[in-house]
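Below, chain A is the first sequence line, B the second, and so on; all start at residue 1.
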Amino acid sequence: MADSERGYDPSAIETRWQRAWEDEDVFRTPDDAEDVSYVLGMFPYTSGSLHMGHVRNYTITDAFARYKRMQGEDVLHPMGWDSFGLPAENAAEERDTNPREWTLSCIETMREQMDAMGFGYDWDREVVTCDPEYYRWNQWLFKQFHEEGLVERKASEVNWCPSCETVLADEQVEGDEELCWRCDTPVTQRNLDQWFFTITDYADELVDALDDLEGWPDSVRAMQRDWIGRQHGAVVPFEVEGYGEVEIFTTRLDTIHGATFFALAPDSDIARDIAEEDEAVAHFIDEEADPDGDEPNGVATGLTATNPATGEEIPVFVADFVLSDVGTGALMAVPAHDERDHAFATKKDVPIEPVVKPEDGEVPDVQEEAYTEDGVLINSGEYDGLDSAEARSRLEEDLPGARHDTQYQLRDWGVSRQRYWGTPIPVIHCEECGPVLVPDEDLPVELPEFVQTTGNPLEEVEEFVEAECPDCGRPARRETDTMDTFVDSSWYFLRYISPDFEDAPFDTERANDWMPVDQYVGGIEHAVMHLLYSRFVTKAVADMDLLDHREPFERLVTQGMVLLEGEKMSKSKGNVVSPQNIVEEYGADTARLFIMQAARPEREFNWTDEGVKSSHQFLDHLYDAVETFVADPPTGDGGAVTEYVDREVDYLAAVAEQSYEEMTFTAALREAQEILSLLDRYGRYTDPDPGTVRRALETVVKVLAPVAPHVTEELWRELGHDDFVVEAEWPAFEGDLETLERERTLIEETREDVRQIVEVADIGDPAEVVIAVAPEWKHEAHELAREFDGDNLVGEIMGREQFREYDGAPDYAKDLQAERQSLKEQLPPEQEADVLSRARWLIAEEFDADVTVLRGEEANGELTGKAEPGRPAIRIEE
RNA sequence: GCGAGGGUGGCUGAGCUAGGCCAAAGGCGGCGGGCUUAAGACCCGCUCCCGUAGGGGUUCCUGGGUUCGAAUCCCAGCCCUCGCACCA
């Protein structure tokens, strides 16, 4: 690359502009701003340094935020730190420091990296979740949720490492052996009392409201729908011998007459009870049951249950495919109409009886394979002949004890974590009073100093644990669990709105004005957890009258993965591109430009060396173009070419606006490049008009400013402005995108035609190209044909005085008749001639020939005979 | 298995939600030319087949269909990616 006279030196200008923006508070959003555009990237976990995924994420939001700012909107574009979590504890141990210091140093580093990338954030609104001033509001919300009945304490199974004496997250349990990730000790299950947020109270709204989230990708909505997993069905009691009524849940009540056995979960109370008496059942439960296996296994209990629809006694099994936390933990099995039941029945030799047949078909052979579709009932007594849906509702009414029921896959949100580096749960356990909430005036409950220990560090700190019951004053023990870090991130977007607010997590009035987030951008990996929790908290907070909005994020973009030369980047493979290196080598602008132009945000993005270089070259090129213009401006007027260039600049602005607006970006950047090369040709062809070149350059600079902010700032100054381009107005343009596109198409097609003719006719050296626009009457006939909806178009045209005088009229009418269905709107003849006149130079330049554009009435009959609207006649003289 | 999204010219990748401006953008690669002592960089053009005046033929996974007309809509199938998964 070398530091030739070409191009610019990013390291010399980038930090300078970063400082200038900061000095002028360019990105500050005043608290009294109204109706802000809220643009947000998912805040990063404080892992130590930014990776390319972050850089891509924040380049997208930064570009969009800067674009909105140029559109004259007040923009809120904040940043913060998801800074609680287990990795900090591990890092602290490895480095012999403590999580707080480690985390704060990570923040330092990452903030510097963000600054180096030129991201424009309102740092006055920075939010740090591990700061007591932040997490006190987690505690406050916990209490409010408690008051609203959204908090429960219940026993729950957790992964426990007996050696580390700690609870493990699912992802810390490794392999089929289920070993602790740190010490390889087999993990056991432990039943602990845990705190839950009852997100299931909002299950219906969370799933129903997805339909209206039109600014979200379908994939994310589908994932949330699946995750919530709402199922409508019925609960029906079955009489089980010796145990009374046992309820089952089914979505296929219409098949109940075909229920030929009954099955219980191995860990259900009844199964355990039966196991006390029955050796075989006990053996199955303890040794054989394998809920994760592919095969359905089970054991007969010897008991029977009564099918309430038929009165028949059916065998009761304990089976491992029955899960105690799904439905009621017991089910009626209909092997004829359920694949899993079918497999089990075949294995255990239980009868398979069809009770549903296709609406217009034979009774299916269910011995071989289950028929799982809805249909019409058979073998179902008085319900025969009903369709499945009808049968379900009738049976629901008729069967004793049956009732409609809705089941969800969504579970309540367990927020207890037996770890140090999180928000202390604001509870004190009193022997007399039970768990008591810490009074507001004692918030925040702050984390004590970190101590190295195998178990939960909080339990080791006497001063922390020892407390006084807020209710009765007796000695009590403080809760040592901390909150899931997803709690922190489920409302941080609200804290940005009023980061220093003292009375509540956020200022309701301002939040009502500023929320929801207009554009949220982040990784697909948060499709369910983070985005679902945030929606839940928003709704809960709305129901507490703290907010008028029920959805946090209006539009969501999930960005695609970053690849390196086609491969997933990973530290273990060693194929990682580090943001620092890129900034050092090419500058932030180049990296940003490359990221934005190489792929649309939601697609995978492939980092290639060639791509970066080509982006870098382009910026150099632009820099040189501006330098040259300023140092030695042209003095001509450029004639018709100037009008052509002007029009292309209009097109650039129009297309860029659309491209930014729909967040694709690529079209904007491509057009900017094309204008630049157009300017080169303009200069080579003629002595350009300085005003036109200036406008073109300024438009390119503005269009690129959101993506490559530093160099455009530099060039803006170079072009004689003393304000910031970041605060400049989006370029104005004349006309509308559709017309501009039509004009370009006309030019492009005409040029293409000339090329073809030259080639096909083997014209070595064209001397003159004559282009003749179709005469007025053809345009009129064309327009008439487009609007005419009768049968006889030819008759219609020839019947009119205005056309009859022209010799070519009958033929042209026939042509129109032939293609009347595909006739498109055309530019009026005058405009067509103007457009082509402006483009004359392109052809002249390309073929080194004289080019004439004739209006219809100027051309002779021979030539105009061939011309059509949108398709001028062309004659080439050698 | 279920759900979502895809399969486009040598590669990559737009367009396909509003069917005709689509033989199908851009980039890369390749070819030819310009510039240059030369190379690189840069610039111009070409890059499915045929054609001595803008034409014709065959293409957008495969096979059907709707339509005057389909890469674009519908149906079936094959393949790929990603989620969920013995969920009653």
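Atom CG of A:Leu532 is separated from atom C1' of B:G83 by 15 Å (rounded to the nearest Å). Regarding A:Asp624, its CG atom lies at a distance of 15 Å from the C1' atom of B:C43, rounded to whole Å. One atom, CZ of A:Arg230, and another, C1' of B:G3, lie 16 Å apart when rounded to the nearest Å. B:G26 atom P lies 13 Å from atom CD of A:Gln673, rounded to whole Å. A:Gln658 has its CD atom 16 Å from the P atom of B:A14, to the nearest Å. Per the geometry, NE2 belonging to A:His782 stands 12 Å off C1' belonging to B:G20, to the nearest Å. Atom pair A:Ile228:CD1 and B:G3:C1' shows a separation of 14 Å (rounding to whole Å applied). The interatomic distance linking A:Leu210 (CG) with B:G3 (C1') rounds to 14 Å, in whole Å.
The listed nucleotides are B:G5, B:C86, B:A88; the one nearest the side chain of A:Asp218 is B:G5. Looking at the side chain of A:Phe321, the nearest of the listed nucleotides B:C84, B:C86, B:G54 is B:C86. Residue A:Asp226 has its side chain nearest to B:G3 when only B:C86, B:G3, B:G15 are considered. Distance from the side chain of A:Ala222 is smallest to B:A4 among B:G83, B:C87, B:A4. Of the candidates B:A53, B:C87, B:G3, B:A53 carries the atom nearest the A:Arg875 side chain, counting heavy atoms from C-beta on. The side chain of A:Leu323 lies closest to B:A88 when the candidates are B:G3, B:A88, B:G26. If you check B:G5, B:G54, B:G83 against the side chain of A:Met223, the one that comes closest is B:G83. If you check B:A88, B:A4, B:G54 against the side chain of A:Ser219, the one that comes closest is B:A4. When distances run from any side-chain atom of A:Phe249 to the nucleotides B:C86, B:A88, B:A4, the shortest one goes to B:A88. With distances taken from any side-chain atom of A:Leu331 to the nucleotides B:A14, B:A88, B:G3, the minimum falls on B:A88.
Remark: the A:Gln407 side chain and the A:Arg230 side chain contain no N/O donor-acceptor pair separated by less than 3.5 Å. A donor and an acceptor atom, one from each side chain of A:Gln409 and A:Gln231, are nowhere located under 3.5 Å apart. Counting only N and O atoms by type, the side chains of A:Asp680 and A:His621 include a donor and acceptor under 3.5 Å apart. A donor-acceptor contact under 3.5 angstrom links the side chains of A:Ser615 and A:Gln597, judged on distance only.
Across B:C68 and B:A14, the matching C1' atoms stand 28 Å from one another, rounded to whole Å. When the C1' atom is used for both B:G13 and B:U52, the distance is 37 Å, rounded to whole Å. Straight-line distance between the P atoms of B:G57 and B:C79: roughly 35 Å, to the nearest whole Å. Separating the C1' atom of B:G55 from that of B:C16 is a span of 28 Å, rounded to the nearest Å. Taking the C1' atoms as reference points, B:U66 lies 11 Å from B:G19, given to the whole Å. Straight-line distance between the C1' atoms of B:G9 and B:A23: roughly 9 Å, to the nearest whole Å. Between B:C86 and B:C80, the distance separating the two C1' atoms is 26 Å to the nearest Å. With both ends at atom P, the span from B:A38 to B:G26 equals 31 Å, rounded to whole Å.
If you check every strand for non-hydrogen atoms under 4.0 Å, A:Arg221 touches nothing. Across all strands shown, A:Asp290 has heavy atoms under 4.0 Å from base atoms, whether or not it also approaches the sugar-phosphate. Within 4.0 Å (heavy atoms only), A:Gly327 reaches at least one base atom of the nucleic acid. Within the 4.0 angstrom heavy-atom criterion, base atoms lie near A:Val322. Among the protein residues, A:Gln231 comes within range of the sugar-phosphate backbone only, with heavy atoms under 4.0 Å from sugar or phosphate atoms but none that close to a base.
Under the side-chain hydrogen bond (donor to acceptor under 3.5 Å, both in side chains) rule, A:Asn297 has a single partner from A:Lys347, A:Lys348, A:Glu288, which is A:Lys347.
If A:Asp338 and A:Val528 are placed on RNA chain B by their nearest nucleotide, the residue sitting closer to the 5' end is A:Val528. Heavy-atom nearest nucleotides on RNA chain B were determined for A:Asp325 and for A:Ile876, and the one closer to the 5' end corresponds to A:Ile876.
Salt bridge A:Glu247/A:Arg403: present, at least one basic N to carboxylate O contact under 4.0 Å.
For the atom pair CG of A:Leu213 and CZ of A:Arg221, the computed distance is 6.5 Å after rounding to the nearest 0.5 Å. To the nearest 0.5 Å, atom CZ of residue A:Phe238 and atom CG of residue A:Leu331 are 9.5 Å apart.
In A:Glu525, the CD atom is crowded: over 12 heavy atoms of neighbouring residues, nucleotides or ligands sit closer than 6.0 Å.
Nucleotide B:C82: paired with B:G3 (Watson-Crick or G-U wobble, both distances less than 3.5 Å). The partner of B:A76, taking Watson-Crick or G-U wobble pairs whose two distances both stay under 3.5 Å, is B:U62. Across all strands shown, B:G26 forms a Watson-Crick or G-U wobble pair with B:U12, both key distances being under 3.5 Å. B:U36 is unpaired under the Watson-Crick or G-U wobble criterion, no partner having all donor-acceptor distances under 3.5 Å. B:U67 is unpaired under the criterion used here, namely a Watson-Crick or G-U wobble arrangement in which both key atom distances are under 3.5 Å. Checking B:G45 for Watson-Crick or G-U wobble geometry (two distances, each under 3.5 Å) identifies B:C31 as its partner.
A:Arg340 has no side-chain polar atom (N or O) that falls below the 4.0 Å cut-off from OP1 or OP2 of B:C2. Distances shorter than 4.0 Å separate some side-chain N or O of A:Gln617 from OP1 or OP2 on B:C42.
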